[in-house]
Number of protein chains: 2
Amino acid sequence: MAESEEKVLPMGLFMDLERSGPIPLYFQVSQRIEKAILNGELPVGSRLENEVGLAQRLGLSRPTVRRAIQDIVDKGLLVRRRGIGTQVVHGQVTRKVELTSLHDDLTNTMKTPSTHLLTFESVAADDTVAEKLSVVLGTPTLHIRRLRLADDVPVAVMENWLPEEFLTIAPDDLVTYGLYQVMRARGITLRVARQRISARKSTPEEAGLLDVEKNAALLTMDRTAFDNSGRAVEFGHHCYRPDLYSFEVTLVEK
Amino acid sequence: MAESEEKVLPMGLFMDLERSGPIPLYFQVSQRIEKAILNGELPVGSRLENEVGLAQRLGLSRPTVRRAIQDIVDKGLLVRRRGIGTQVVHGQVTRKVELTSLHDDLTNTMKTPSTHLLTFESVAADDTVAEKLSVVLGTPTLHIRRLRLADDVPVAVMENWLPEEFLTIAPDDLVTYGLYQVMRARGITLRVARQRISARKSTPEEAGLLDVEKNAALLTMDRTAFDNSGRAVEFGHHCYRPDLYSFEVTLVEK
DNA sequence: GAGTGGTCTAGACCACTGA
DNA sequence: CAGTGGTCTAGACCACTCA
């Protein structure tokens with residue numbers, strides 16, 4: 001069938017592998033294959049060259065090539081079947097949810113983000129915040145509430161609680177750079193985030209902030225983020241205008 | 001600090017590795033480590049034994065042990081830092097979004113699911129359906145609409161379109177087994193799903209079906225699912241009562 | 001300097017698929 | 001049967017962190 005056509009990757013794609021640089025070989029390979037899928041050089045349904053052959057052609061070991069391919073499989077762009085081969089998944093590609101801040105999201109989509117800082121205060125952790133941040137009840141925390149806009153249109157109301165060490169953050173930096181960038185600047189590397197996505201009606205106050213009618217439907221997300229030592233460094237409750245923001249997820253059966 | 005305590009995994013955890021059975025060694029190891037995390041044998045913040053040492057103790061090669069650990073890192077239960085070690089992430093564990101049907105979800109949470117079949121018909125693919133399923137405009141497709149209940153409480157209205165080969169599905173099977181189980185029985189293995197999660201107000205009809213007030217906020221999901229050959233085999237638009245259902249996602253920075 | 005995870009090699013054997 | 005991906009080994013060298 002036409003769908004299973006063999007398709008050999010152009011040699012040119014792998015001409016300039018940098019073997020001594022800091023970028024891992026498997027990453028260089030996976031980037032090139034992914035690019036070939038996204039720009040149509042590898043059409044949907046087509047078969048990828050087999051692992052062993054590809055490894056020989058590139059002068060790499062099979063595990064290295066295998067890892068490159070597996071990374072793309074995990075992104076949902078390829079499917080593999082034992083005894084069959086590797087094929088490009090049909091359907092247009094959608095960007096998946098990533099561990100990024102809203103600030104980054106809006107920047108990437110060519111909108112100009114801005115922020116109104118609504119609240120910036122020290123509060124004692126209540127039951128929920130204490131549990132989410134793994135601190136004892138009543139511990140001081142930084143409580144912030146922000147209105148985020150894209151091209152001056154309100155998109156989200158974001159409420160966050162952070163461990164007390166962040167009380168020294170400058171409010172102006174928060175407005176200028178966004179929360180995650182400020183945390184990165186303080187040496188915090190976010191590694192894991194657990195999110196719960198749901199929906200509810202807006203409160204009258206939120207309706208005013210987001211410029212929607214009263215009782216409009218809002219998309220909500222609760223998120224707890226952990227740094228690279230496994231410590232909870234942020235808990236937040238966000239609500240988004242569903243006409244301006246939604247979440248995309250790609251799931252891959254393992 | 002107490003949080004970085006060394007913690008050696010009890011030998012007993014790895015007593016009965018089955019080296020000749022069909023279950024991969026890395027999977028057996030990762031299951032045991034994950035179990036030790038979930039039941040508290042490995043407390044949050046504790047350090048896991050290093051890869052090389054663990055491999056020696058278990059009589060396995062380092063890549064095998066490494067893969068076992070990496071699988072758990074990808075689930076968001078462990079974090080690794082070069083030069084430091086591997087630690088258990090803080091915070092309670094939440095089940096993440098998986099590639100399962102609602103039927104499975106409800107069964108897993110000990111509720112009794114049931115289904116009312118609202119629509120079961122052949123319709124010509126419109127623009128959206130044709131694009132999502134990668135078929136030509138006007139191709140016959142199976143269009144179904146179902147009301148899903150848990151313990152007789154309405155939870156979701158689910159509308160789906162499937163390629164015409166599924167027109168031979170027996171409506172009774174859909175009610176008894178759920179869509180995904182019926183597809184599995186026909187040899188379809190789902191591999192990749194792309195989902196978009198958002199929110200909107202309910203229509204008057206949906207409000208009646210879901211037993212909520214008019215204009216209530218609903219959680220919505222559009223999903224396209226692909227089988228193991230990369231072909232689109234399902235497109236659906238679902239809406240959920242947000243008080244009874246939400247989505248959990250665990251994100252891991254790579 | 002010692003210990004850790006990150007990358008990479010060059011093979012091996014197996015399970016599954018389709019002709 | 002040949003071809004494919006799935007698993008596994010036994011090393012190697014490097015980059016990074018901390019004492």
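Reminder, nothing fancy here: chain letters follow the sequence lines and each chain counts from 1.
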Task: B:Thr64: partners by side chain to side chain donor-acceptor pair (under 3.5 Å), with sequence neighbours left out - done: B:Ser61

TODO: List in chain and number order the residues that pass salt bridge (Lys or Arg N to Asp or Glu O under 4.0 Å) with A:Glu165, two or more places apart in sequence or in another chain; answer none if no residue qualifies.
DONE: A:Arg231

Open item on the list: Output the rounded distance in Å from CG (A:Asn50) to P (D:dA2).
Closed with: 16 Å

Open item on the list: If you only use heavy atoms from C-beta on, which nucleotide in C:dT4, C:dC8, C:dG11 is closest to the side chain of A:Leu25?
Closed with: C:dC8

Task: For B:Glu34, all residues meeting side chain to side chain donor-acceptor pair (under 3.5 Å), sequence neighbours excluded - done: B:Lys75

TODO: Mind checking side chain to side chain donor-acceptor pair (under 3.5 Å) for A:Ser122 and listing every partner two or more places apart, or none if nothing turns up?
DONE: none

Open item on the list: With a 4.0 Å limit, can you tell me whether A:Arg66 has a side-chain N or O closer than that to the phosphate oxygens OP1/OP2 of D:dG5?
Closed with: no

Task: Atom-pair distance (CZ on A:Arg67; C1' on D:dG6), nearest Å - done: 17 Å

Open item on the list: Can you tell me if B:Arg81 touches the phosphate of D:dT17, counting only side-chain N or O atoms and a distance under 4.0 Å to OP1 or OP2?
Closed with: no

Open item on the list: Expressed as a whole number of angstroms, how long is the span from B:Leu54:CG to C:dG3:P?
Closed with: 17 Å

Open item on the list: Can you list everything that forms a side chain to side chain donor-acceptor pair (under 3.5 Å) with B:Arg67? Sequence neighbours excluded, please.
Closed with: B:Tyr26

TODO: Tell me which nucleotide among D:dG5, C:dT9, D:dT4 gets nearest to the side chain of A:Arg47.
DONE: D:dT4

Can you check nucleotides 13-16 of chain D for protein contacts, nitrogen or oxygen pairs under 3.5 Å, and list what you find?
unit_1, atom_1, unit_2, atom_2, d
D:dA15, O4', B:Arg82, NH1, 3.0

Open item on the list: Given B:Leu162, which partner from the list B:Val129, B:Ile144, B:Thr141 fulfils the side-chain contact (heavy atoms from CB on, under 4.5 Å) test?
Closed with: B:Ile144

Open item on the list: With a cut-off of less than 4.0 Å, is there a side-chain N or O of B:Thr64 near OP1 or OP2 of D:dT9?
Closed with: yes

